[in-house]
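Hydrogens, waters and symmetry mates are skipped; everything else that's a heavy atom, side chains included, is used. Naming convention: chains lettered A, B, ... in sequence-line order (proteins, then strands); numbering from 1 in each chain.
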6 protein chains.
Amino acid sequence: MLDLVTLGEAMIRLSPPNFARLEQATHLDLQVGGSEYNVAVGASRLGLRAGWVSRLPENPLGRMVRNKAREHGVNTDALVWTRNGRVGLYFVEFGAAPRASAVVYDRAHSACSEFREDEVDWDRVLEGVRAFYVSGIMPALGDGAARTTRRALEAARKAGCLVAYDLNYRKRLWTPDDARRCQEPLMEFVDLLLTTEEDAHVVFGIKPEAGDDPNFNQVSGQSYESVALRLQQRFSIPTIAITLRENPLVWKNSWSAMLLHQGTFHRAPRIEVEVVDRVGAGDSFVAALLSSYLTDGDWARALPFGVAFSALKHTVPGDVNWSTREEAEQLLKGGSLRVSR
Amino acid sequence: MLDLVTLGEAMIRLSPPNFARLEQATHLDLQVGGSEYNVAVGASRLGLRAGWVSRLPENPLGRMVRNKAREHGVNTDALVWTRNGRVGLYFVEFGAAPRASAVVYDRAHSACSEFREDEVDWDRVLEGVRAFYVSGIMPALGDGAARTTRRALEAARKAGCLVAYDLNYRKRLWTPDDARRCQEPLMEFVDLLLTTEEDAHVVFGIKPEAGDDPNFNQVSGQSYESVALRLQQRFSIPTIAITLRENPLVWKNSWSAMLLHQGTFHRAPRIEVEVVDRVGAGDSFVAALLSSYLTDGDWARALPFGVAFSALKHTVPGDVNWSTREEAEQLLKGGSLRVSR
Amino acid sequence: MLDLVTLGEAMIRLSPPNFARLEQATHLDLQVGGSEYNVAVGASRLGLRAGWVSRLPENPLGRMVRNKAREHGVNTDALVWTRNGRVGLYFVEFGAAPRASAVVYDRAHSACSEFREDEVDWDRVLEGVRAFYVSGIMPALGDGAARTTRRALEAARKAGCLVAYDLNYRKRLWTPDDARRCQEPLMEFVDLLLTTEEDAHVVFGIKPEAGDDPNFNQVSGQSYESVALRLQQRFSIPTIAITLRENPLVWKNSWSAMLLHQGTFHRAPRIEVEVVDRVGAGDSFVAALLSSYLTDGDWARALPFGVAFSALKHTVPGDVNWSTREEAEQLLKGGSLRVSR
Amino acid sequence: MLDLVTLGEAMIRLSPPNFARLEQATHLDLQVGGSEYNVAVGASRLGLRAGWVSRLPENPLGRMVRNKAREHGVNTDALVWTRNGRVGLYFVEFGAAPRASAVVYDRAHSACSEFREDEVDWDRVLEGVRAFYVSGIMPALGDGAARTTRRALEAARKAGCLVAYDLNYRKRLWTPDDARRCQEPLMEFVDLLLTTEEDAHVVFGIKPEAGDDPNFNQVSGQSYESVALRLQQRFSIPTIAITLRENPLVWKNSWSAMLLHQGTFHRAPRIEVEVVDRVGAGDSFVAALLSSYLTDGDWARALPFGVAFSALKHTVPGDVNWSTREEAEQLLKGGSLRVSR
Amino acid sequence: MLDLVTLGEAMIRLSPPNFARLEQATHLDLQVGGSEYNVAVGASRLGLRAGWVSRLPENPLGRMVRNKAREHGVNTDALVWTRNGRVGLYFVEFGAAPRASAVVYDRAHSACSEFREDEVDWDRVLEGVRAFYVSGIMPALGDGAARTTRRALEAARKAGCLVAYDLNYRKRLWTPDDARRCQEPLMEFVDLLLTTEEDAHVVFGIKPEAGDDPNFNQVSGQSYESVALRLQQRFSIPTIAITLRENPLVWKNSWSAMLLHQGTFHRAPRIEVEVVDRVGAGDSFVAALLSSYLTDGDWARALPFGVAFSALKHTVPGDVNWSTREEAEQLLKGGSLRVSR
Amino acid sequence: MLDLVTLGEAMIRLSPPNFARLEQATHLDLQVGGSEYNVAVGASRLGLRAGWVSRLPENPLGRMVRNKAREHGVNTDALVWTRNGRVGLYFVEFGAAPRASAVVYDRAHSACSEFREDEVDWDRVLEGVRAFYVSGIMPALGDGAARTTRRALEAARKAGCLVAYDLNYRKRLWTPDDARRCQEPLMEFVDLLLTTEEDAHVVFGIKPEAGDDPNFNQVSGQSYESVALRLQQRFSIPTIAITLRENPLVWKNSWSAMLLHQGTFHRAPRIEVEVVDRVGAGDSFVAALLSSYLTDGDWARALPFGVAFSALKHTVPGDVNWSTREEAEQLLKGGSLRVSR
């Protein structure tokens with residue numbers, strides 16, 4: 001019996017070490033990641049019984065992706081295996097100001113992007129499950145993936161799951177128009193919507209307030225609150241969470257989040273982060289928010305815990321967060337930056 | 001004005017270091033390779049003015065593939081660039097007896113596999129060129145690639161090029177039947193056919209003689225000669241070259257080749273090779289055979305030079321042969337294995 | 001419900017890359033291994049539902065050991081966690097003739113060596129389990145570990161498990177006398193005894209026949225058979241399996257095994273192996289032997305499968321065997337050493 | 001027909017990874033670099049047809065230096081090859097405040113330092129070429145190199161090239177007095193002089209204004225303008241460009257430049273850079289300034305483009321700038337520091 | 001004849017590269033370090049004849065620890081060698097804000113922790129020696145180590161050494177109570193006490209003044225002075241030195257120190273440090289303070305030299321400081337952060 | 001008081017990992033080595049008090065060379081330090097059959113090659129020393145180095161040292177004629193001459209007997225004996241030792257040596273070696289031969305010990321032999337190639 005099930009693609013991630021440009025690489029570091037995969041891993045590490053559903057080819061790379069989910073205790077029994085197809089790849093170039101980190105995707109034609117909606121018995125998979133998570137990347141992968149997403153959301157609603165959905169707009173996968181058209185009808189199933197100010201703007205046209213930095217390098221709390229309110233009003237979603245990142249530089253960011261639940265705003269303190277690898281920080285936030293909320297049902301406590309755990313993610317190489325619950329709790333209590341010995 | 005033009009796909013090659021299995025990899029070494037690319041590089045290193053034609057996406061990986069051809073002096077002016085599409089990838093697992101080295105391809109949907117036959121002005125590209133090379137991998141990539149191959153062969157014949165063709169059968173790309181059906185009509189354009197005993201059998205059904213090892217771990221000279229004769233007779237190809245590999249172990253092979261020109265057999269001595277990386281050895285043989293023949297028109301001298309240069313390839317990491325003409329000539333004279341200092 | 005449960009210590013293994021001596025190391029490669037851990041991993045990879053019981057400290061290294069078992073699908077629910085204690089370490093120096101590979105242990109005071117016999121509820125853990133495996137390393141770790149071993153063996157017998165036991169003598173852990181005194185009484189629980197000729201001699205004084213190489217660099221089949229017979233007679237163990245290694249060099253060995261079941265000898269062909277990492281080969285043999293026997297109950301088929309799978313182990317870095325059932329079966333059919341593409 | 005030709009030495013650069021001191025190094029990363037080589041590479045990447053003239057020994061290191069120029073499309077036909085001599089080396093220690101990065105040269109007796117003035121047929125090499133670049137490092141290498149520099153400058157003037165010259169004072173190569181004595185007579189050939197405030201002071205005694213930081217850690221715009229004016233007046237050079245670096249820390253600098261053309265000052269905005277590798281930043285500035293100016297003849301547009309492209313250089317390992325024109329243009333438009341995906 | 005002798009444990013230090021968490025490590029960098037070992041190395045590099053006394057097992061790791069002391073010229077003649085026992089280990093995880101760097105010790109049962117008080121002939125070892133150093137880590141290792149510490153201190157006093165003692169409280173080794181109980185009686189032998197504000201508080205209950213940051217992330221000079229005064233008064237120690245670290249971030253700290261000698265306060269300027277590896281910075285301070293004082297007997301000059309040398313330590317990987325006297329002196333004169341070439 | 005002093009150059013050695021060609025290298029492994037340096041290190045590791053005399057520049061590379069001698073306990077008090085000059089470098093390409101490993105020297109103009117004969121006070125340095133070693137590389141470095149060599153040999157003779165001399169012909173440093181002319185007069189000082197058959201032929205024209213392999217890939221004992229006899233007769237040298245290497249492959253050699261003392265031949269058994277790094281094997285032989293002979297004065301025992309210790313060298317990366325006396329003794333007793341645990 002699982003607490004949380006997520007659905008989505010995980011890719012092999014390849015990145016040149018030491019800030020090298022991809023074009024000059026002679027060696028690549030290998031990691032595995034993907035939004036919903038990252039959330040399942042994070043939740044499992046924080047103590048939830050988490051499962052991850054995806055579609056993988058039966059080859060060494062497919063097995064590797066599966067293995068690394070299991071490494072963190074994630075249940076992979078519901079994976080769909082294919083004889084053919086490929087594992088999606090993506091390349092990360094780590095940047096330094098004024099060069100932002102960049103992602104080059106090579107994920108077209110992946111096994112997961114060719115999901116067929118009838119390949120998972122969702123009623124069985126979601127039986128007794130308390131929460132379900134999927135992000136806007138999944139329906140962007142293709143028509144079958146979009147239909148699978150909808151089918152899963154329907155089943156999750158039916159199974160009584162808390163349904164969490166992260167907009168996660170990816171411009172390399174679809175246009176804003178397509179993203180809106182596909183996802184607007186999915187919002188009715190959503191109990192917890194996660195987004196950034198930028199994605200809310202691009203996908204749903206909910207503009208940040210005047211005066212905000214058009215590059216989203218600086219953000220203001222008020223602006224975020226208005227975005228959350230409008231999202232809640234438009235889609236009648238009980239809970240909206242927005243992560244807030246300021247990145248005046250690439251190696252140093254400021255990180256926080258806010259949450260709107262039933263008309264009440266919750267805010268978490270900002271945390272200065274020195275950035276080792278910020279990929280997956282948002283997913284860590286989701287994992288910790290859900291883990292905390294599913295444990296004690298209190299969004300006010302879940303929010304700062306989510307921020308603390310995901311702040312730690314910025315310091316860990318790879319897409320998933322190898323930190324522990326204890327470390328996040330220690331950080332919330334006000335941790336020292338002295339060497340811990 | 002170029003001496004040699006080759007047409008074909010080059011891929012990014014990723015391999016786990018230190019004999020790790022792909023499934024356990026955390027780091028990958030990156031190389032660039034592909035049969036026709038390797039031949040162009042080898043020929044350029046040996047002194048020919050060589051050009052390479054392919055189709056690449058305008059992104060860091062596409063540029064990297066182009067760069068590495070240029071690094072060896074290969075002319076890349078006739079490359080076709082695309083806005084979309086991907087660079088094909090392949091993964092190499094280096095083995096040890098009793099585990100053979102293995103290749104996992106991820107090349108479907110590559111930019112090169114989607115070649116359209118009208119994208120290259122072959123008459124212009126081949127003007128004044130003395131030799132043209134393509135292998136059986138190119139037409140296996142897809143219909144457009146196959147039509148492009150035929151178009152190039154026609155133009156090469158018309159331009160008066162010596163046309164070299166390596167069967168290079170790849171079972172992950174097509175069936176033996178498809179390979180035969182597509183390539184039989186191409187044989188009329190071929191002046192120099194390169195193959196292994198195994199490929200001749202699989203593609204054209206020309207069986208090795210009784211008594212041969214069905215795994216091709218041991219080979220016999222007589223058997224090869226009969227294969228060559230039958231190929232020559234069936235397709236009226238003036239020159240047939242067959243490489244001979246014995247691999248009782250993975251780290252130690254014995255390497256040679258024979259050549260049939262107008263009814264006369266030429267044989268080269270066997271060379272014991274300690275195998276660092278045998279990928280691309282056959283391509284090194286082609287490069288050196290052509291370089292020598294185009295220099296002095298003597299197949300009898302070209303054959304042992306081809307064997308020596310390609311024997312050296314086995315000792316060099318990557319698909320291309322960083323050895324020099326001088327090193328191959330020194331080896332032919334009978335080189336010492338003492339430390340050279 | 002599990003098919004196989006194993007009990008034993010897993011250590012962090014640290015080895016200098018590229019044949020460096022430990023004394024000159026500046027970097028160490030990290031792996032996890034231990035006989036019973038390796039067997040559980042191998043069996044899980046081959047399709048058994050396998051569980052591993054051990055005792056680990058709640059710290060990053062303890063979690064890492066647990067994670068890597070899970071990565072291969074091994075059930076770790078019955079692990080005993082401690083607040084204090086350490087994870088045992090060992091260092092491997094990879095050799096080259098005439099320098100053998102060498103192991104430096106730093107495993108004293110490990111959490112597992114301080115096992116207390118009442119920490120595992122064996123009846124619950126072994127309920128419905130079909131086979132149990134432990135090696136002679138476990139009782140050598142300390143008195144508590146020895147008592148735990150005996151307690152587990154009693155429970156396994158009671159639960160109707162097939163009990164497999166590998167002598168695995170480690171001279172750095174105890175003297176031959178202590179090893180004999182402790183293990184003789186355990187033999188009554190054993191259904192399948194695994195050993196080498198050398199260990200049988202050292203622990204139980206069963207001498208190899210005259211003429212054998214006192215260093216065990218060369219071995220003879222006859223000698224092994226007499227050792228097996230005497231073991232069977234002395235302890236009334238239904239099945240005895242002995243692995244046969246010849247190592248005239250460090251990088252090239254010859255590997256095989258024989259099995260005596262109820263008076264009938266089974267022999268497997270020798271396989272020439274180029275040695276990447278031979279640590280854990282014997283454990284791979286056990287894993288594959290058990291996996292095959294538990295699947296179809298035929299020792300005659302299990303033996304060559306065990307040899308093939310463990311021959312592949314020699315080619316894989318680390319203590320565990322990342323090969324697949326298909327690869328071992330392919331090898332039994334007589335695999336080519338050509339590059340597989 | 002080339003757009004730009006540069007003359008100068010390229011060295012093999014060796015640097016310990018991860019901020020290690022050279023004295024403690026066990027591994028070294030290898031790059032190729034040198035001021036004029038870097039400029040040719042940068043210009044070629046930005047679309048100019050660029051050639052590089054130098055003198056290299058015919059050995060693996062000499063070939064490597066040549067290859068890496070070709071990798072970026074630089075024409076190397078005019079290289080002078082020698083049978084003996086060495087490739088110069090330099091070692092870079094990457095620092096962290098308060099330890100500056102440091103360079104240890106081992107370049108004495110290099111093939112290039114032994115250039116003889118009659119080894120290049122400059123009239124042929126510069127025929128039709130639009131711009132020529134050399135830096136003050138070249139004449140500092142030795143008497144023959146100095147005479148070769150002068151000969152090249154004369155030929156460039158004669159061929160109607162725009163002549164660009166970077167002072168690039170290297171105190172390990174010569175004294176300020178020698179630098180002045182040698183270079184003052186060369187200024188008559190210069191159309192574009194590039195320098196830093198510091199070098200102008202050391203070589204030509206043009207003092208920064210009172211109040212400036214004697215360590216040049218902070219710089220002021222006014223001071224630079226006065227330096228530029230005095231350089232222009234003294235040597236009647238039409239265009240003077242000065243790069244402005246502030247480095248309160250080693251890992252974070254502020255970077256800009258100003259340009260004085262025919263009495264008009266042009267200024268570019270400051271860009272905050274997180275420093276991966278600042279070696280070659282000045283050369284990137286030259287490459288981009290020339291590329292832009294040769295394209296549209298507008299110094300006012302060339303200056304900020306030069307600053308943007310060279311700001312990006314700080315984020316790329318190695319001496320050359322693997323960035324693209326598009327990236328520099330994007331930065332000028334005001335780029336986001338969010339992950340680009 | 002030695003100038004300085006130190007007594008203490010050195011460990012093998014293992015750390016995952018590139019900010020990886022220990023739990024995810026696949027490779028570890030290896031260094032050797034330990035407070036008293038670091039001080040001996042630093043002093044030797046700065047020109048003192050330094051010796052180091054410890055207890056090591058006769059195995060590759062023990063020899064490695066000895067070798068690396070010798071590498072820096074440290075005399076190791078008085079080492080005690082054991083047949084058994086282990087070298088202590090520790091693991092360092094390098095952090096990034098908000099995750100502090102962390103140390104995981106695996107040092108229990110080390111050969112040094114089992115020191116017996118009669119194993120060193122201190123009178124012989126300290127004959128003619130000018131200074132002796134030990135830290136609070138040594139007595140924390142165990143009873144024998146504590147007795148050995150006291151014995152050494154007595155002998156040092158008798159031999160007329162300047163006795164330096166760094167509190168160096170390690171909470172993983174003992175409780176504050178035990179630390180106080182053991183060390184209070186040792187203070188009578190101490191001529192120079194080194195500490196941080198935090199350790200003085202924890203061990204001797206000397207509280208920082210009101211208003212100070214309880215996490216010691218920010219520190220104030222006044223507070224430190226009062227701590228030093230109270231230490232001096234309580235234990236009648238002629239000289240007290242306190243290092244002052246501010247660490248608002250992990251990668252950037254501010255570093256200084258103050259010294260109280262016979263009622264006079266000396267202060268050194270703060271130095272901004274970009275942190276590559278701050279482990280051992282305090283030991284570098286001790287080494288440089290002693291080296292300077294033993295050279296010219298002037299605490300006022302020794303203090304800033306100690307701060308400069310130890311500021312440089314932050315930029316060097318490993319526990320010991322590969323910097324030179326010249327570099328520290330250059331920094332005191334106000335060094336540039338430009339690339340030194 | 002030292003047992004052994006050696007005189008000669010040590011270089012920084014740079015080698016591409018994993019059999020890469022130098023031309024394709026992106027990373028280099030760094031070692032320190034040189035014949036006389038290697039002998040001092042080996043002897044020190046085997047228990048002699050050994051010192052090494054050379055000439056080094058005062059810079060990080062010079063210090064590194066010094067440090068690594070000290071790391072092994074070698075006394076470096078008599079080193080000559082220079083303000084300028086460079087450390088010699090050499091590059092090693094590790095080969096695989098049919099490509100021999102190769103060395104590219106970059107040692108011209110090194111500080112050691114510019115030795116002046118009056119820079120060492122040999123009478124003081126050699127006072128009480130029992131043996132002195134220098135090789136034919138030292139006089140090949142330059143005229144000053146040759147004069148220094150002679151001066152040292154004279155002093156060694158005068159001091160009553162056993163003088164050992166290894167011909168070590170290096171064709172990149174001088175011609176056979178120059179080598180003969182310079183070294184013939186030195187032979188009068190030599191008590192123990194070490195050489196290979198090949199060097200004796202090249203330098204002194206002492207031909208191997210008819211039938212021998214002109215590439216020295218195979219060797220015969222008889223041939224060696226005649227060479228030794230003729231060397232002894234021609235130069236009246238009491239003891240001649242010749243190492244015997246057969247290298248049918250690069251990765252597997254057969255290694256032995258013979259010794260002629262006062263008309264009696266001593267032979268050692270052949271040892272099959274798998275070659276990790278054979279550079280320095282001859283120096284290891286010298287170190288062990290001298291160590292053994294200086295200990296018990298018995299050439300008959302020294303010879304096999306020398307062969308065993310140097311056979312182990314082939315398995316260790318770098319120029320120096322990190323093996324121990326115990327390991328060599330164990331090998332002489334007939335070691336197993338099983339994993340030692």
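Heavy-atom pairs under 4.5 Å with chain E peak, among C:Pro60, C:Pro16, C:Gly62, at C:Pro60.
Atoms CD1 and CG, on E:Ile12 and C:Leu89 in that order, are 11.5 Å from each other to the nearest 0.5 Å.
Side chains of C:Leu14 and E:Leu14 form a contact here, defined as non-hydrogen atoms less than 4.5 Å apart.
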If you check both backbone and side chains, which donor-acceptor pairs between chain C and chain E fall under 3.5 Å?
{"from": "C:Glu23", "atom 1": "OE1", "to": "E:Arg63", "atom 2": "NE", "distance (Å)": "2.8"}
{"from": "C:Glu23", "atom 1": "OE1", "to": "E:Arg63", "atom 2": "NH2", "distance (Å)": "3.4"}
{"from": "C:Glu23", "atom 1": "OE2", "to": "E:Asn67", "atom 2": "ND2", "distance (Å)": "2.8"}
{"from": "C:Thr26", "atom 1": "O", "to": "E:Leu30", "atom 2": "N", "distance (Å)": "3.0"}
{"from": "C:His27", "atom 1": "ND1", "to": "E:Asp29", "atom 2": "OD1", "distance (Å)": "2.7"}
{"from": "C:Leu28", "atom 1": "N", "to": "E:Leu28", "atom 2": "O", "distance (Å)": "2.8"}
{"from": "C:Leu28", "atom 1": "O", "to": "E:Leu28", "atom 2": "N", "distance (Å)": "2.8"}
{"from": "C:Asp29", "atom 1": "OD1", "to": "E:His27", "atom 2": "ND1", "distance (Å)": "2.7"}
{"from": "C:Leu30", "atom 1": "N", "to": "E:Thr26", "atom 2": "O", "distance (Å)": "3.0"}
{"from": "C:Arg63", "atom 1": "NE", "to": "E:Glu23", "atom 2": "OE1", "distance (Å)": "2.9"}
{"from": "C:Arg63", "atom 1": "NH2", "to": "E:Glu23", "atom 2": "OE1", "distance (Å)": "3.3"}
{"from": "C:Asn67", "atom 1": "ND2", "to": "E:Glu23", "atom 2": "OE2", "distance (Å)": "2.8"}
{"from": "C:Arg86", "atom 1": "NE", "to": "E:Asp106", "atom 2": "OD1", "distance (Å)": "2.6"}
{"from": "C:Arg86", "atom 1": "NE", "to": "E:Asp106", "atom 2": "OD2", "distance (Å)": "3.1"}
{"from": "C:Arg86", "atom 1": "NH2", "to": "E:Asp106", "atom 2": "OD2", "distance (Å)": "2.9"}
{"from": "C:Asp106", "atom 1": "OD1", "to": "E:Arg86", "atom 2": "NE", "distance (Å)": "2.6"}
{"from": "C:Asp106", "atom 1": "OD2", "to": "E:Arg86", "atom 2": "NE", "distance (Å)": "3.2"}
{"from": "C:Asp106", "atom 1": "OD2", "to": "E:Arg86", "atom 2": "NH2", "distance (Å)": "2.8"}
{"from": "C:His109", "atom 1": "ND1", "to": "E:His109", "atom 2": "NE2", "distance (Å)": "3.4"}
{"from": "C:His109", "atom 1": "NE2", "to": "E:His109", "atom 2": "ND1", "distance (Å)": "3.4"}

